[in-house]
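Take a look at the structure set out below.
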Amino acid sequence: MNFLSLFVVVPLLMLAGLFPARTMRQIRAVAVTGASLLMVLACWLVWMYLAERSSGNTSEMLFTAETVWYPSLHINYSVGVDGISVAMILLSAIIVFAGVFASWKMEHLPREFFLWFSLLAIGVFGFFISTNLFTMFMFYEIALIPMYLLIGVWGTGKKEYSAMKLILMLMGGSALLLVGIFGIYYGSGASTLTITELAALTIPIELQRYFFPLTFMGFGVLGALFPFHTWSPDGHASAPTAVSMLHAGVLMKLGGYGAFRVAMYLMPEAAGEMSWIFLILTGISVVYGAFGAIHQTDLKYINAYSSVSHCGLVLFAILMGNETSTTGAILQMVSHGLMTALFFALIGMIYGRTHTRLVTEMGGLMKVMPFLGVSYVIAGMASLGLPGLSGFVAEMTIFVGAFQEPDLLHRVLTFGAIASIVITAVYILRVVGKIIFGPMADRHHEQLTDAVWHERLSVGVLIAAIVAVGSFPYWLSEMINESVAPLITHILR
Amino acid sequence: MDYSSLLHMREELSLLGVMIVLLIYDIFKSENGKTVFQIVALLVVAAHTFANIVPRDAFEIAGGMYTYKPIHTVLKSILNIGTLIVFMQSYSFLEQPENRIKKGEFYFLTLATLLGMYVMISAGHFLLFFIGLEMASIPMATLVVFDKYSRKSSEAGIKYILSAVFASGISVYGLSFLYASTGTLYFDDLATIITGTPLEILAFVFFSAGLFFKIALVPFHLWTADVYEGAQTNITSYLSVVSKGAAVVVLFTLSVKVFAPLAGQWKPLYYVLAVASITLANLFALRQQNLKRFLAFSSISQAGYIMLAVISGTPLGMASLVYYVLVYLFSNLAAFGVVSVVEQHTGKLTIDDYNGLYRSNPRLSFVMMLSLFSLAGIPPFVGFFSKYFVFSAAAQQGLYVLVFIALLNTIVSLFYYLKVIKAMFLTENETPAASIRSSLPLRLSLIICTAGILIIGLLGTVFETIGSMSFGL
């Protein structure tokens with residue numbers, strides 16, 4: 001068996017291990033073992049990958065393996081990774097690890113919670129290692145459905161509404177996507193479903209004009225493309241901490257990843273023709289998300305809207321369609337994944353203590369919980385792009401790439417997107433100033449305690465990753481860039 | 001005449017043997033034998049299923065009146081398995097005091113309809129086909145009124161028999177036109193003679209109306225909800241899975257083999273029926289509170305999805321159709337199994353009654369959830385694969401718009417399937433339905449269904465085997 005399959009097998013074993021688990025201790029043991037194993041595997045994968053590349057292996061996908069599944073429809077279980085997927089797998093492993101520790105104190109039906117959590121992990125990892133469109137789509141849907149129960153059962157606020165809205169919209173997206181996949185499969189002559197092989201075939205441009213928008217929108221729904229982003233604020237706000245982390249951190253990246261690898265890569269001609277429509281939509285996402293965040297007073301809503309803005313930037317950069325901007329997009333996926341997960345983890349921890357998420361009801365938390373306060377400031381700084389943290393590297397690359405497109409539309413949109421940084425600064429600094437530093441808003445908050453060990457571990461891992469990406473970006477961006485370059489050459493051919 | 005050729009009809013003879021054995025045993029059994037009867041019946045039906053599971057070489061007897069293709073074995077085995085599961089689920093219902101004396105009838109009548117379906121599938125001549133169709137309908141009506149003291153059941157029975165007879169009448173009227181126009185009723189001959197004259201088109205439309213009724217496509221569905229609600233739950237599940245599955249397969253083979261020259265006419269017709277069935281049934285299902293009615297509408301929309309495979313008219317369509325029926329059998333019977341056991345033990349039948357069911361009956365809720373996810377087409381459950389294949393069959397023919405409509409409808413269906421899941425898992429309830437201890441055969445049937453839902457999709461060979469047989473058609 002190919003070792004990439006371990007990324008699916010380990011969560012599967014977690015799932016199996018949770019069934020007999022009875023006590024909280026056993027459940028935690030299974031979850032931590034699984035998450036740590038995934039983390040080790042991911043680090044090992046990075047190391048193996050870099051070693052393989054440095055030894056001169058230049059094939060598009062590494063560690064490929066294929067098992068025939070449904071030969072008559074060319075459905076194979078085929079796996080393989082390039083620099084983009086390795087970065088995404090590493091991100092997912094970090095967030096799953098942090099997520100397990102962030103939900104350490106899960107009291108309501110913990111076994112079931114981790115069961116669904118593992119299923120979600122199977123979907124996410126399976127998606128990133130797949131190179132066959134069918135399995136990719138299957139894992140995509142596997143990752144979506146646990147969201148309904150995770151939000152509906154363990155969420156807060158108007159959780160049933162949010163869960164239903166989220167699942168119906170995302171499944172709607174996947175319906176568009178499936179039509180797109182059929183179009184790609186039959187349009188290209190129906191001889192393969194493997195992405196690398198499909199890329200070599202040409203789909204007639206008339207068909208591309210139908211199926212590119214469907215595929216792109218299908219993934220775009222998950223990537224919070226305006227106007228299909230409305231599931232995101234409600235969903236994130238209602239979800240329990242670890243689920244928000246995984247959802248905003250990893251699941252939304254499935255959208256960007258798929259939009260690039262499936263929609264743009266397989267239908268480059270239509271992508272070239274139609275990218276302007278989606279560019280405008282993503283431009284709106286970026287600016288609108290930022291303004292939306294200003295308007296909110298609930299911490300989770302603020303962060304959810306900021307996710308819309310940042311994920312919009314991912315799609316925006318992908319649509320710019322040059323090497324630099326696309327590398328930036330992938331970096332932004334990693335960076336946003338890490339910092340938004342950190343945000344949601346911190347918000348969950350703060351909420352667990354203050355029992356409110358409203359900015360107006362909090363203040364001066366630095367005095368009582370310095371660890372969480374400092375971490376929140378770091379997350380905020382990463383989000384508004386302070387050099388040395390991951391956000392700066394990603395956004396800088398994106399904007400440098402975006403400026404390479406000289407025509408008017410691209411210029412105007414680039415200016416708009418850059419302006420959104422200023423708006424980001426407004427909502428980040430305002431919140432930080434108010435709740436972390438400002439005067440104590442509630443006397444009862446004086447008795448609150450700071451983070452305990454499992455929370456520190458969860459937050460520490462994420463901060464370490466943010467600093468690592470922000471201060472030593474070269475190895476990551478080089479790994480991504482190497483893999484992006486041939487794809488972009490193919491798209492622009 | 002050489003009667004030995006009749007021995008080729010192995011499946012039918014074997015089933016007839018089972019029926020006779022059970023009938024005689026039922027008549028002569030002693031008072032002590034009564035409790036054993038069901039066990040014996042289950043074992044005999046299981047033996048019949050296993051004995052006939054291996055396909056043979058194709059042949060025809062009686063001058064093409066009766067034909068056999070390897071795919072028929074697959075189909076009949078699927079129906080056998082469905083029937084067996086229904087029997088397992090009826091076990092405790094038939095052990096209730098008021099039903100004890102009717103056990104024999106239940107098995108005999110159900111198997112009689114099954115025999116009718118066998119004949120329908122294997123017929124090579126419209127006369128034999130019609131005999132099969134009637135054999136599958138009339139005992140069904142008696143089964144629907146099985147609980148003869150219940151008002152609803154009697155109402156359902158009357159509704160069913162009247163509409164069934166009417167549908168058969170129209171069907172045979174169509175056949176008479178066909179005979180008038182072509183002078184033959186042999187499938188093989190008809191395929192070469194039919195040219196598409198108006199009379200033949202009329203004949204086809206009249207004839208197929210009878211089948212549409214059995215499949216319960218919109219607008220031939222009006223009997224469904226009432227009959228499903230009125231009939232005893234296990235009979236409803238039989239009606240919704242086995243009976244429907246047989247009819248839809250037959251519709252496919254007849255369309256492709258006999259009415260192939262009319263493809264230009266039936267394709268648009270099926271297109272409209274499929275869209276109408278999926279959409280309207282979904283909209284109706286949204287508003288149902290009673291779970292049996294709910295599943296009735298869900299089964300109508302599922303039939304609409306199956307029509308996508310019929311429209312394609314290709315070997316891939318046939319393979320995905322048979323696969324869909326198999327998958328639908330496991331998913332739907334699991335759902336009906338849970339509904340029937342909850343109804344029997346607590347008398348509760350509405351979605352609100354299921355509030356908080358997970359607290360008191362975690363296993364049943366889990367099975368119900370799996371089956372609903374499978375019906376909705378969520379991976380990794382098997383319903384996802386069957387939907388993918390059916391859509392794939394339609395997309396292969398370039399029917400992207402139809403696939404798109406169907407896919408949008410899956411979102412609507414997901415909403416109402418999730419409503420039940422929401423009731424079981426999300427909604428808090430101080431007094432959920434009592435904890436249920438179900439009978440062993442029922443538990444076994446649910447285990448089989450769950451295993452089917454979880455495993456079949458992961459095994460590529462199931463679909464490929466069906467595919468390899470249907471490519472010969």
Side-chain angles (χ1 to χ4, degrees), chain A residues 12 67-77 109 112 115-116 119 122-123 126 134-135 137-146 148-149 151-155 159-160 163-165 167-183 185-187 190 207 210-211 214 218, chain B residues 315-316 319-320 323 358-359 362 366 369 373 376-381 384-385 387-389 391-415 417-419 421-422 424-428 457-464 466-468 470-471:
Chain A
L12 208 60
T67 313
V68 174
W69 195 1
Y70 288 98
S72 59
L73 286 167
H74 301 105
I75 293 171
N76 298 330
Y77 171 76
L109 299 173
E112 284 79 355
L115 275 179
W116 293 112
L119 194 63
I122 293 177
F134 177 86
T135 39
F137 179 73
M138 183 184 84
F139 282 120
Y140 178 84
E141 290 219 329
I142 291 180
L144 296 187
I145 199 72
Y148 176 75
L149 289 149
I151 296 178
V153 178
W154 292 273
K159 56 186 183 181
E160 289 178 10
M164 192 61 101
K165 182 172 175 181
I167 200 71
L168 291 183
M169 286 195 72
L170 293 185
M171 281 295 179
S174 77
L176 301 181
L177 180 58
L178 187 54
V179 182
I181 289 178
F182 281 133
Y185 178 53
Y186 288 113
L207 287 177
Y210 290 107
F211 297 119
L214 285 174
Chain B
L316 176 62
S320 57
Y323 189 75
Y358 182 70
R359 286 288 180 184
F366 189 67
M369 181 183 69
F373 275 160
I378 305 287
F381 311 114
F384 169 75
F385 295 88
K387 279 224 168 72
Y388 182 89
F389 298 146
F391 292 155
S392 189
Q396 192 189 32
Q397 298 298 305
L399 299 165
Y400 294 111
V401 177
L402 182 62
V403 173
F404 187 61
I405 297 171
L407 275 167
L408 286 187
N409 266 293
T410 59
I411 313 302
V412 181
S413 73
L414 182 65
F415 174 73
Y417 289 129
L418 281 178
K419 256 171 59 173
I421 292 170
K422 178 174 135 185
M424 293 188 300
F425 287 84
L426 270 59
T427 313
E428 298 289 333
L458 304 179
L459 300 174
T461 46
V462 178
F463 180 75
E464 294 300 329
I466 295 175
S468 67
S470 53
F471 276 65

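None of these values were measured; they are calculated from a predicted model. Quick note on labels: first sequence line is chain A, next is B, and so on, each numbered from 1. FYI, side chains are in, hydrogens and waters are out, and symmetry mates aren't considered; it's all heavy atoms of this structure.
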Which of A:Gly172, A:Pro71, A:Ser174, A:Gly187 touches chain B most, by non-hydrogen pairs under 4.5 Å: A:Pro71
Residue, of A:Ile75, A:Val68, A:Leu168, that accumulates the most heavy atom pairs under 4.5 Å with chain B: A:Leu168
Less than 4.5 Å apart, any side-chain heavy atom of [X] and any of [Y]?
X: A:Trp69; Y: B:Phe385; result: yes
X: B:Leu418; Y: A:Glu160; result: no
X: A:Leu149; Y: B:Ile421; result: yes
X: B:Phe463; Y: A:Ser72; result: yes
X: B:Leu426; Y: A:Tyr148; result: yes

Separation of [Y] [atom2] from [X] [atom1] (nearest 0.5 Å):
X: B:Ile378; Y: A:Met171; atom1: CD1; atom2: CE; value: 3.5 Å
X: A:Leu178; Y: B:Ser392; atom1: CG; atom2: OG; value: 9.0 Å
X: A:Leu176; Y: B:Phe404; atom1: CG; atom2: CZ; value: 5.0 Å

Over all heavy atoms of both residues, which pair between A:Ala175 and B:Ile411 is shortest? Give the atoms and the distance, please. CB-CD1, 4.2 Å
Taking every heavy-atom pair that is under 4.5 Å apart, which of [options] has the most such pairs with chain A?
options: B:Thr427, B:Leu458, B:Val403, B:Val412; answer: B:Leu458
options: B:Thr461, B:Leu459, B:Leu408, B:Thr410; answer: B:Leu459
options: B:Phe425, B:Phe381, B:Tyr358; answer: B:Tyr358

Distance flag, aromatic centroids of A:Tyr70 and B:Phe389, threshold under 6.0 Å: yes
Which answer fits [X], side chain, backbone, both or neither, if we ask what part of it has an atom under 4.5 Å from a heavy atom of chain B?
X: A:Phe211; result: side chain
X: A:Leu109; result: side chain
X: A:Leu214; result: side chain
X: A:Met138; result: both

Chain A heavy atoms under 4.5 Å from B:Gln396: which part of the residue, side chain, backbone, both or neither? both
Geometric class of the B:Phe391/A:Phe182 ring pair [parallel <30°, tilted 30-60°, perpendicular >60°]: perpendicular
Which word best sums up how the rings of A:Phe134 and B:Tyr388 line up, parallel for under 30°, tilted for 30 to 60°, or perpendicular for over 60°? perpendicular
Please determine whether ring-ring contact (aromatic ring centres under 6.0 Å, His included) holds for the pair B:Tyr400 and A:Tyr186, giving the CA-CA distance in whole Å, both sets of side-chain angles, and the decisive distance to 0.1 Å. CA-CA 10 Å; B:Tyr400 294 111; A:Tyr186 288 113; 7.3 Å; no
